Protein chains: 2
Amino acid sequence: MKAYGETLRQIREQKGLTLKELADGICSISFLSKFERSDSDITLRLFTRVLDKLMMSFDEFLFVHNEFKAGQLERFFKAIGNAYNQNDSDALRKLKEQEKKKWKQSGLEMYKHHVLMLQMYESIIDNKAMVEEVHKEDIQRLADYFFNVEVWGQYEFMLYNATMLFLDADMVLQLSRTAYEKSIRYEEFQKVNEVTGTILMNTIIYLLGPVNKFTNEMKFQAELGEFFSYLNALSVPEHKLFERATLLQLKGAYKLRIGESELGTAMIQKAIHIYTELGAVGQANHIENYLEQIMAYQETDS
Amino acid sequence: MKAYGETLRQIREQKGLTLKELADGICSISFLSKFERSDSDITLRLFTRVLDKLMMSFDEFLFVHNEFKAGQLERFFKAIGNAYNQNDSDALRKLKEQEKKKWKQSGLEMYKHHVLMLQMYESIIDNKAMVEEVHKEDIQRLADYFFNVEVWGQYEFMLYNATMLFLDADMVLQLSRTAYEKSIRYEEFQKVNEVTGTILMNTIIYLLGPVNKFTNEMKFQAELGEFFSYLNALSVPEHKLFERATLLQLKGAYKLRIGESELGTAMIQKAIHIYTELGAVGQANHIENYLEQIMAYQETDS
DNA sequence: CCCTCAATTCCACTATATGAAAATTAATGA
DNA sequence: TCATTAATTTTCATATAGTGGAATTGAGGG
């Protein structure tokens, strides 16, 4: 792997800066030269100032350094998401083995969580019943982790989003609420902001329950109201059209759920219409199927 | 300012890790302890591995470290944007003085660009004619910079987006094209991806020309087609509803521009309708005004 | 109470980060 | 062609990053 210094040199030369100019006020010229030739490493403090001077963020620097590939966190969850969406249980198993290995080497709890998560996705794909008894305590451990971490970071948000579907309703209620509260200080940090959105959406979907229950009595009415208001707050910026469209769609589903069929259908139709107008046919079809499923069950029922 | 080590300690403790666990395989326990107590700095190489183990990105770490504030790059451009949108020429002048000072201290060209940019925004707000002669060469310098930087980073994209409005049409054509091409490798890097979107939108708006010219002959027909196709390519992911809506709106404006009034109006109405349905009244009004302006001019003309 | 584990401190030692000045290279121009 | 100058690399001295170990403190836990 290329050293960081070489990347820095590339960037500096791109910008037409001399060693002297970049080093000025930060470190000696000779040292910067050494670092760029990977004759020496650099301390965090100095490097921060170098990047500041270049008006560059660490993540962007690393992105360039890693040949324009995203960081490990995103790659990890994206790999899981891709494998799951493509029903590729081989890929999931592979990922699971990797994490298991890391766990055995380090004994760190986080890798155990990863193994659990991957196992669960695997069992969904393979349509195997989850070996509940065995995992029960692992799940509890995972939930405990979420309850104990005081400040959530992007990792916790993403992990929770990827596992909430396996947790009990009362846990989900508490944790999603916690997640929303903890996310507020990340308002300016786009990535966390976005995961929070998905968490809230998934929570609402979770609380609405399976489609074939849409005619029974309602369990989480108050809580749904609460989470709708969170999602509303998150979608305040007017350019967040995707969040707003999803909100519309979910509100429609909610109306359907509580029996206001005409209103609910109308709202979902609106959402479908918007997606269609914008040429997002995949999404439009997806919602349409969802709506049809509900209708089918309700017909059976009546 | 708090030292990095302290922040790391907070995070480590939050995650319930011991020094031993975090240091294992990376560095000695006693050293990590030293670093966390700011008794010592840490090298970039080691710190990268620490963050990797924590599944944390540099930017997120710095975000937490800086008390949940965005990085300097974004703060800088956001400050300018805010001041401009609020017609606050005092704030702009203040920013300008800051950059001027940096320029005098370092002699770096980039600060001169910043001064130029701020001066131009200032003159728009104060409705003063730009002192063209004086700035002509500065503008040329800025354009030269864009032409010479081989690999654009987030900074270059943002700077170009903020200044293109002051450049000549032929420069804008070339540079926007370049910008799009250079942005392709940043597909996975959200922030650059987003600025690219705005650059393309602004380019199209620039090429469409002022509203009161909407009845004259068309200059950049071919180029507009080109940029529409770029923006189309960028908006492929179906969740990019804002980009898609803007595209609809701009295509409508284009139709109006080339005389297809009914079709153009219909498209823009669609966009307005979507914003309205999604409760984005600000945006909806904004587009409505735009449409009315065009219509007013066309009526005068006929 | 003892026992254990996490963290700090101290020490001795090595590797290397960092700065100042000298040497080299490259480019430019008279 | 030879100065001249700027940019970079080398050299070398020193401060400090980083290791490993051992002794100490402190906080539970049984």
Side-chain angles (χ1 to χ4, degrees), chain A residues 1-54 58 61 65 105-110 112 141 144-145 148-150, chain B residues 1-54 58 61 65 105-110 112 141 144-145 148-150:
Chain A
M1 167 71 82
K2 203 173 55 172
Y4 292 131
E6 298 177 47
T7 308
L8 182 66
R9 167 149 299 187
Q10 275 178 27
I11 294 170
R12 178 177 61 78
E13 288 179 345
Q14 291 294 338
K15 300 219 176 194
L17 292 178
T18 66
L19 278 173
K20 178 190 166 70
E21 286 171 321
L22 184 54
D24 188 55
I26 300 178
C27 64
S28 73
I29 300 172
S30 66
F31 173 67
L32 190 58
S33 163
K34 263 187 174 176
F35 170 64
E36 288 189 352
R37 283 173 290 122
S38 6
D39 266 14
S40 171
D41 203 347
I42 194 172
T43 51
L44 182 59
R45 196 177 47 86
L46 284 188
F47 194 63
T48 306
R49 294 169 63 191
V50 171
L51 286 187
D52 263 8
K53 192 153 188 175
L54 290 170
F58 262 96
F61 178 83
H65 179 76
Q105 280 182 355
S106 68
L108 290 187
E109 206 188 6
M110 62 184 297
K112 217 173 172 181
R141 252 220 181 60
D144 285 347
Y145 175 73
N148 289 331
V149 182
E150 182 57 31
Chain B
M1 169 71 83
K2 204 172 53 173
Y4 292 130
E6 297 177 47
T7 309
L8 181 67
R9 166 148 299 186
Q10 275 178 26
I11 293 171
R12 177 177 62 78
E13 289 179 344
Q14 292 294 338
K15 300 219 176 194
L17 292 176
T18 65
L19 277 173
K20 179 188 164 72
E21 285 172 321
L22 184 54
D24 189 55
I26 300 177
C27 63
S28 71
I29 300 172
S30 62
F31 173 68
L32 190 58
S33 166
K34 259 187 179 176
F35 169 64
E36 287 190 351
R37 285 173 290 118
S38 0
D39 266 13
S40 172
D41 204 346
I42 194 171
T43 52
L44 181 59
R45 194 179 48 87
L46 284 189
F47 194 63
T48 307
R49 294 169 64 192
V50 171
L51 285 187
D52 264 7
K53 192 153 188 175
L54 290 171
F58 263 96
F61 178 84
H65 178 76
Q105 280 183 355
S106 68
L108 290 187
E109 206 188 6
M110 63 184 296
K112 216 173 172 180
R141 252 221 180 61
D144 285 347
Y145 175 72
N148 288 331
V149 182
E150 183 56 30

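Computed from a prediction, not measured in an experiment: that's the story for all the values here. The chains referred to below are lettered A, B, ... by the order of the sequence lines, with proteins before strands, and numbering in each begins at 1.
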> Between A:Glu150 and B:Gln14, is there a donor-acceptor pair closer than 3.5 Å when you use the side chain of the first and the backbone of the second?
Replying inline: no
>> Parallel, tilted or perpendicular, judged at 30° and 60°: which one describes the rings of B:Phe47 and B:Phe35?
In response: perpendicular
> What are the two closest non-hydrogen atoms of A:Leu46 and A:Phe31, and how far apart are they?
Replying inline: CD1-CE2, 4.1 Å
> How would nucleotides 14-30 of chain D be written as a contact map, 5' to 3', with B for base contact, S for sugar-phosphate-only contact and - for no contact, using protein heavy atoms under 4.0 Å?
Replying inline: ---SSBBB---------
> At their closest point, which heavy atom of A:Leu17 faces which heavy atom of A:Arg12, and how far apart are they?
Replying inline: O-NH1, 2.8 Å
> Can you check whether A:Arg37 has a side-chain N or O nearer than 4.0 Å to OP1 or OP2 of D:dT8?
Replying inline: no
>> Can a donor-acceptor pair be found, under 3.5 Å and without considering hydrogens, that links the side chain of A:Arg49 to the backbone of A:Gly25?
In response: yes
>> Could you go through B:Arg45 and B:Ile26, starting from their C-alpha distance and side-chain angles, then the distance that decides it, and tell me whether this counts as side-chain contact (heavy atoms from CB on, under 4.5 Å)?
In response: CA-CA 10 Å; B:Arg45 194 179 48 87; B:Ile26 300 177; over 6 Å; no
> Which residues in residues 14-23 of chain A have at least one heavy atom lying under 4.0 Å from any atom of DNA chain D?
Replying inline: A:Thr18, A:Leu19
> When all nucleic acid strands are considered with a 4.0 Å heavy-atom cut-off, which category describes B:Arg49: base, sugar-phosphate, or nothing?
Replying inline: nothing
> Got a donor-acceptor contact below 3.5 angstrom from the B:Ser33 side chain to the B:Ile29 backbone?
Replying inline: no
> According to the salt bridge (charged side-chain N to carboxylate O under 4.0 Å, His left out) rule, which pairs have a member within residues 20-35 of chain A, sequence neighbours left out?
Replying inline: none
> Can you find a side chain N or O atom of B:Arg12 that sits less than 4.0 Å from OP1 or OP2 on C:dA6?
Replying inline: no
